[in-house]
Amino acid sequence: MTLPLWFEPTEILIGGEWYMTPETLAVENPSDGAEIARIARGRAADIDAAVGAAHAALEGDWGQLSAAERGRLLLAMSARVLERAEALAILEAMDVGKPLTQARADVVALARYLEFYGGAADKIMGETIPFQQGYTAYTLREPHGVTAHIVPWNYPMQIIGRSVGAALAMGNAAVLKPAEEASLTALAFARIAHEVGLPAGALNIVPGLGEEAGAALSAHPGVNHISFTGSVAVGQMIQGAAAANVVPVTLELGGKSPQLVFADADLDRALPFLVNAGIQNAGQTCSASSRILVQRSIYDAVLDKMAARYRDLVAGPAMSDRNLGPLISARQKETVEGYLHLAADLPIAARGQIAPDAPEGGHYVAPTLIGGGFGAHRLAQEEIFGPAQIVIPFEDEEEAIAIANGTEYGLVASVWSENGGRTMRLAKRLRVGQVFLNNYGAGGGVELPFGGVGKSGHGREKGFEALYGFSSLKTVAAWHG
């Protein structure tokens, strides 16, 4: 299928102008391994120019806009995203490998982020502070300045919406470095921003390799805030680079998110969430639920029901719109298969299928459900980032909490129980950034602050918390006698 491009993917955007770079990088379709496009290979000099353009924008037209005017631009971007919805969905499906239905949902989410932050732009206020006689004291929320956004390949549109959208709403000027594996919708987003009249330099985009463009951006002394979503190892490097310049960082890293299923749970409601939260986007989701903790009295029943669903799962090409698509790359497939080899000492409860029409060059892994797990097993400790879940029994609340909290991560968890007191107790005791009670994911929840603890990162995206994170607080104390 031909890519629905209305832009030149080998260009970068700096200061409102599109430029070609001397070198380009191949874009691979994970569904068949074929090259479908080429993107620019940005270097440190391009990053330096982009940061300079962002600073100029803050001193120029972008910096002079009111919050309401910024909001209207974001709302215009939201509307344009929906106008181009099908083209964007096809780009995302072919670039990332996710089924077309999921890619369409990501388009809607991007538009919703822009709508939410567009509407919120003029609603972030300071406070007056009761103080001594003769003074009026108050606080102001101000943009950091130039914000760097290094986004991953698994959900480019969604993560651009929740990070770049919030940063622009607060009046920052952004430099976006998309993942080299999946840059097409990021470039399309930059085109849309350009089309609706976002002032020059407010958004700059430089694709390229992480060790080249990404490293230059995270270490640039002109950057005032860094937002990064990705692996723990890269997050550690980015935080180190930011520390050298003493700038704040929002890190959204890995996860090993559990769902806790108690004997009194509504299993008919829970089962779709138990399975889908593990295999969505072929399990390549930071908040994927790769651990299912089940009370021992219903363990066999839950495992059997999940296994029945797994056997019906089919992985196939993105455009065939099966339950899941391929992994992003041959390297990622090799990593996931390496983890599955570790399951040799555990029973495989069920495997899904790879569609017979799946091309040989695609990076497919059959979804795999692993039973008989225990909390210390490597498959229960390390992020697999593929379509695999491990099911672990527990006796009571105390053991469930010990297992759930027994990893280095702390991103998301859910509790399934009809006992309201239990769900509230566990919500407080789970060491994670987000807890779902009798659901998982809350339908995306643009309004809900998102982030982790431990090696899942720090800082919060989504909701109003993102706007606070993309701004700094200034205190003013005025003497008037």
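Values below: every heavy atom of this structure, side chains too, minus hydrogens, waters and symmetry copies. Residue numbers run from 1 in the order of the sequence given.
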With a cut-off of 3.5 Å and sequence neighbours excluded, list every side-chain donor-acceptor pair involving residues 50-65.
| residue | atom | partner | partner atom | Å |
| --- | --- | --- | --- | --- |
| H55 | NE2 | G222 | O | 2.7 |
| W62 | NE1 | G171 | O | 3.4 |
| W62 | NE1 | N172 | O | 2.8 |

- [ ] Under the side-chain hydrogen bond (donor to acceptor under 3.5 Å, both in side chains) rule, collect the residues that match up with Q284, sequence neighbours excluded.
- [x] none
Task: Sequence-distant partners of L75, side-chain contact (heavy atoms from CB on, under 4.5 Å), two or more places apart - done: E115
Open item on the list: Once ring-ring contact (aromatic ring centres under 6.0 Å, His included) is applied, do any residues pair with F436, and if so which ones, sequence neighbours excluded?
Closed with: Y440
Task: Candidates P9, P4, P156 - the one meeting side chain to side chain contact (heavy atoms under 4.5 Å, CB included) with L91 - done: P4
Task: K462 to F450, cation-pi by 6.0 Å centre distance and 45° axis angle - done: yes
Task: Qualifying residues under side-chain hydrogen bond (donor to acceptor under 3.5 Å, both in side chains), relative to T10, sequence neighbours excluded - done: E8
TODO: Applying ring-ring contact (aromatic ring centres under 6.0 Å, His included), name anything that partners Y364, two or more places apart in sequence or on another chain.
DONE: none
- [ ] Sorted by first residue and then second, give each salt bridge (Lys or Arg N to Asp or Glu O under 4.0 Å) pair with at least one member in residues 192-208; sequence neighbours left out.
- [x] R80-E195, R84-E195
Less than 3.5 Å apart, which donor and acceptor atoms pair up between the side chains of residues 229-238 and the rest of the protein, not counting sequence neighbours?
| residue | atom | partner | partner atom | Å |
| --- | --- | --- | --- | --- |
| S231 | OG | V234 | N | 3.2 |

- [ ] Report yes or no: do T285 and Q280 form a side-chain donor-acceptor pair below 3.5 Å?
- [x] no
TODO: Would you list the pairs meeting ring-ring contact (aromatic ring centres under 6.0 Å, His included) in which at least one residue belongs to residues 65-119, sequence neighbours left out?
DONE: F116-F464
Task: Residue list, ring-ring contact (aromatic ring centres under 6.0 Å, His included) with H458, at least two apart or on another chain - done: none
- [ ] Could you pull out all residues at least two apart from H225 that satisfy ring-ring contact (aromatic ring centres under 6.0 Å, His included)?
- [x] H144, F470
Open item on the list: What I want to find out is whether R162 reaches E461 closely enough, with some N-O distance under 4.0 Å, to be called a salt bridge.
Closed with: yes
List the atom pairs, with distances to 0.1 Å, where a side-chain N or O of residues 121-131 and a protein N or O form a donor-acceptor pair under 3.5 Å, not counting sequence neighbours.
| residue | atom | partner | partner atom | Å |
| --- | --- | --- | --- | --- |
| K123 | NZ | G119 | O | 2.5 |

- [ ] Verify whether one side chain among Y339 and E382 offers a donor that lies under 3.5 Å from an acceptor in the other.
- [x] yes
Task: Distance in Å, E11 CD paired with W18 CH2, rounded so as to fall on 0.5 Å steps - done: 7.0 Å
TODO: Measure from NZ or CZ of K474 to the centre of the six-membered ring of Y138 and say whether it is under 6.0 Å with the direction within 45° of the ring axis.
DONE: no
